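Per chain, numbering begins at 1; letters A, B, ... match sequence-line order. Computed from a prediction, not measured in an experiment: that's the story for all the values here.
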Amino acid sequence: MAYLELDRVAKQFGAQTVVDDFSLSVGKGEFISFLGPSGCGKTTTLQMIAGFLDPSRGAIRLEGKDLTAIHPAKRGLGIVFQSYALFPHMTAAENVAFGLEMRSVPRNERAERVRAALTMVGLAGFEDRHPRRMSGGQQQRVALARALVIKPSVLLLDEPLSNLDAKLREEMQIELRQIQRTIGTTTILVTHDQNEAMSLSDRIVVMSQGKIEQIGTPQETYEKPASAFVSQFLGKTNDFAGTIDRTVAPTQLVAGSWRAPAPAGVSGPVIVSIRPERIGFGDAGLGAKIVTRIFQGNHWLFQCDSECGPAIVIRQNDGQPQPAEGEAVHLTWRPEDMSVRARAGA
Amino acid sequence: MSMAAEERSARAPWALTAPALMLFVGVLLIPLAMTVMLSFHDWGQYKGIEPVFILKNWHEIATDPYYAEMFWRTFRIAILTTLLTALLGAPEAYILNRMSGRWKSFFLLVILGPLLISVVARTLGWALLFGGNNGLVNKLLMSLGVMRSPIPFMFTETGMVVALAHVMMPFMVLSVWAALQRLDPQIENAAMSLGAGPVTIIRRIIMPQIMPGVLSGAIIVFSLSASAFATPAIIGGRRLKVAATLAYDEFLNTLNWPLGAAVATLLLIALVLIVVGSNALIERRYAEVFR
Ligand SMILES: Nc1ncnc2c1ncn2[C@@H]1O[C@H](COP(=O)(O)OP(=O)(O)O)[C@@H](O)[C@H]1O
Ligand SMILES: [Mg+2]
């Protein structure tokens, strides 16, 4: 049973359709990420759930009740903004207490819950600091505590970590995931960072130009991308132009000198996509020459010039000898590691 | 760096600011010092100004209740004007800030436009509308039978406060506007998501954050109103004098320059003390919140 449900939601600004036909059902306690490039409508979707924007079409339901009929102040959602939007004239504790005050929580209980929330985000002892006197990471934690202390039915996070430096971002990711696991709040995270979406979410909603490209677990979206956009956006990928060879039986899929039995249901010119870490060097296969070889500690990165255009290959640094720059090699992969789709305009 | 270069770079700021400093000393400090000195000179109807050092003028100002009343009126008018501009200007800036694109620039122009028109013209406008039996509004109201006699406006403190508030309004709106620009655009949504209604948002979230803007606007409006000349001169004339119009009268009508100088000096000292004092208070009060 869906906890939060978006049913063919769309948003238009004048003639411009910013979000279109957005349907999603979120289970209770689930961690969902909206992933997509800047301007694809992630924030707009989140703001419709929060109630700061009204959908042009479609319905949003929480536990079966129409959410759009409820005023944003009464929805009881916790929201962390990209800019944090802390109240600069209040201390950290006052910021966190604000939502409880609005709910007329008695003073003693309020103080107790504020302390617990600040401790949870690792800010015990910072109660009396003003936001301007805190670092970006600390402000981020206050914003999280402020959103969580009201025990929201859904936690909405709009690029919460994008203003932090790389190391802090990684720390906060782990912490965010732990906190979410502990308290079990249904969470929607907006991000344009695929690593962040992968490492945090139960499911990812990949968006492009206001439309959903794919909904799936991080593994599904990475390994079985539903479209070229998804495979390009989620990490590096190799796209080779291939053809179906019907002169032999059974029919074969051919890319350069690489060939394998053709998967069922494909015909004509195709695009073959393979992740770089799924390609190996073999005795036969797609002919290629190593252009550059880059050592990256736990793996090697090869840039190759293949029969089907440029290709990248990633090999684990497992102690085996690796081909040198300029060496001629053959690229091979298992048929189950590739995804094949029809080649448009050919 | 060599010693010579160091010396040169230490002198450079002084050399670069010298022209401005000279101008400052020449047209501000020297006349100011002369005015202060003038206030200690003697004056008589027939002997004119006598360059001696006496406390006669200061003694007169300190003991004659006429001056106390006049200074008190000056500051009363300035305070009321400041309150009025704050009460009207802060909401005005807030509403303006919430308007969308085209309307925003249009109304900003409407508010700032008057700055391009001379204060005299703007004040005379009020006189045309409310000036005695011939004022346009008064005539209209009387012909409609709403009023029996004209609204008292000319030569009243109320008239002066209203006209001054009109003249000073852009300074308050601009100052609050600047404070509003520093607000996080999502701050109201943040408060709303935590359950705050519109009144609570304005009272608990917006007001405390724009208060420094209101207060600095108030300092500007207060000091400009207390030292204003044109508006009090037109509305109050010689019947209802304030410090600035009194000093003017002493200089140009009575020709008692030393007394005028004493009035002007006292006004300046009082203003500087009030402005510097309240500025320090504001900075201390908001240091915690605003760097
Ligand atoms: N209030 C608005 N009026 C008009 N267009 C808007 C408005 N808000 C967002 N947009 C447009 O909608 C698109 C999606 O914006 P947004 O949801 O903020 O993207 P994202 O969060 O994915 O980066 C952008 O092209 C943006 O220009
Ligand atoms: Mg966004």
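- Listed by chain and number, the residues in a side chain to side chain contact (heavy atoms under 4.5 Å, CB included) with B/Val276 are B/Val272 (sequence neighbours excluded).
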Exercise for the section: Walk me through it: do A/Glu101 and B/Arg204 pass the test side chain to side chain contact (heavy atoms under 4.5 Å, CB included)? Expected result: CA-CA 12 Å; A/Glu101 256 178 84; B/Arg204 297 277 314 271; 2.8 Å; yes

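- In this structure, chain B has a heavy atom under 4.5 Å from the side chain of A/Phe81, while its backbone stays farther away.
- Atoms CD1 and NE2, on B/Ile210 and A/His89 in that order, are 11.0 Å from each other to the nearest 0.5 Å.
- Heavy atoms of A/Leu86 lying under 4.5 Å from chain B belong exclusively to its backbone.
- Between the A/His71 side chain and the B/Met192 main chain, no donor and acceptor come within less than 3.5 Å of each other.
- Within a 6.0 Å radius of CD in A/Gln209, other residues, nucleotides and ligands contribute 12 heavy atoms or fewer.
- Residues B/Ala190 and A/Arg146 share a closest heavy-atom pair of CB-NH2, 3.6 Å.
- The shortest non-hydrogen separation linking A/Ile79 to B/Ser193 is CD1-CB, 3.5 Å.
- A donor-acceptor pair under 3.5 Å is formed between the side chain of A/Arg103 and the backbone N or O of B/Leu194.
- Looking at A/Gln47, only its side chain comes within 4.5 Å of chain B, counting heavy atoms on both sides.
- Heavy-atom neighbours of B/Arg76 CZ from other residues, nucleotides or ligands within 6.0 Å: above the threshold of 12.
- Considering CD of B/Gln209 and CZ of A/Phe87, their distance stands at 8.5 Å, rounded to 0.5 Å.
- Looking at A/Leu77, the atoms closer than 4.5 Å to chain B (heavy atoms on both sides) all sit in the backbone: N, CA, C or O.
- Between A/Ala73 and B/Ala196, the closest heavy-atom pair is CB-O, 3.9 Å.
- The distance from atom OG1 of B/Thr200 to atom CZ of A/Phe98, rounded to the nearest 0.5 Å, is 6.5 Å.
- Across all non-hydrogen atoms, the minimal contact from A/Ala85 to B/Ile187 is O-CD1, 3.6 Å.
- Among residues 155-163 of chain A, no residue has any heavy atom closer than 4.5 Å to a heavy atom of chain B.
- Annotation: B/Lys104, atom NZ; neighbour count of heavy atoms from other residues, nucleotides and ligands within 6.0 Å is above 12.
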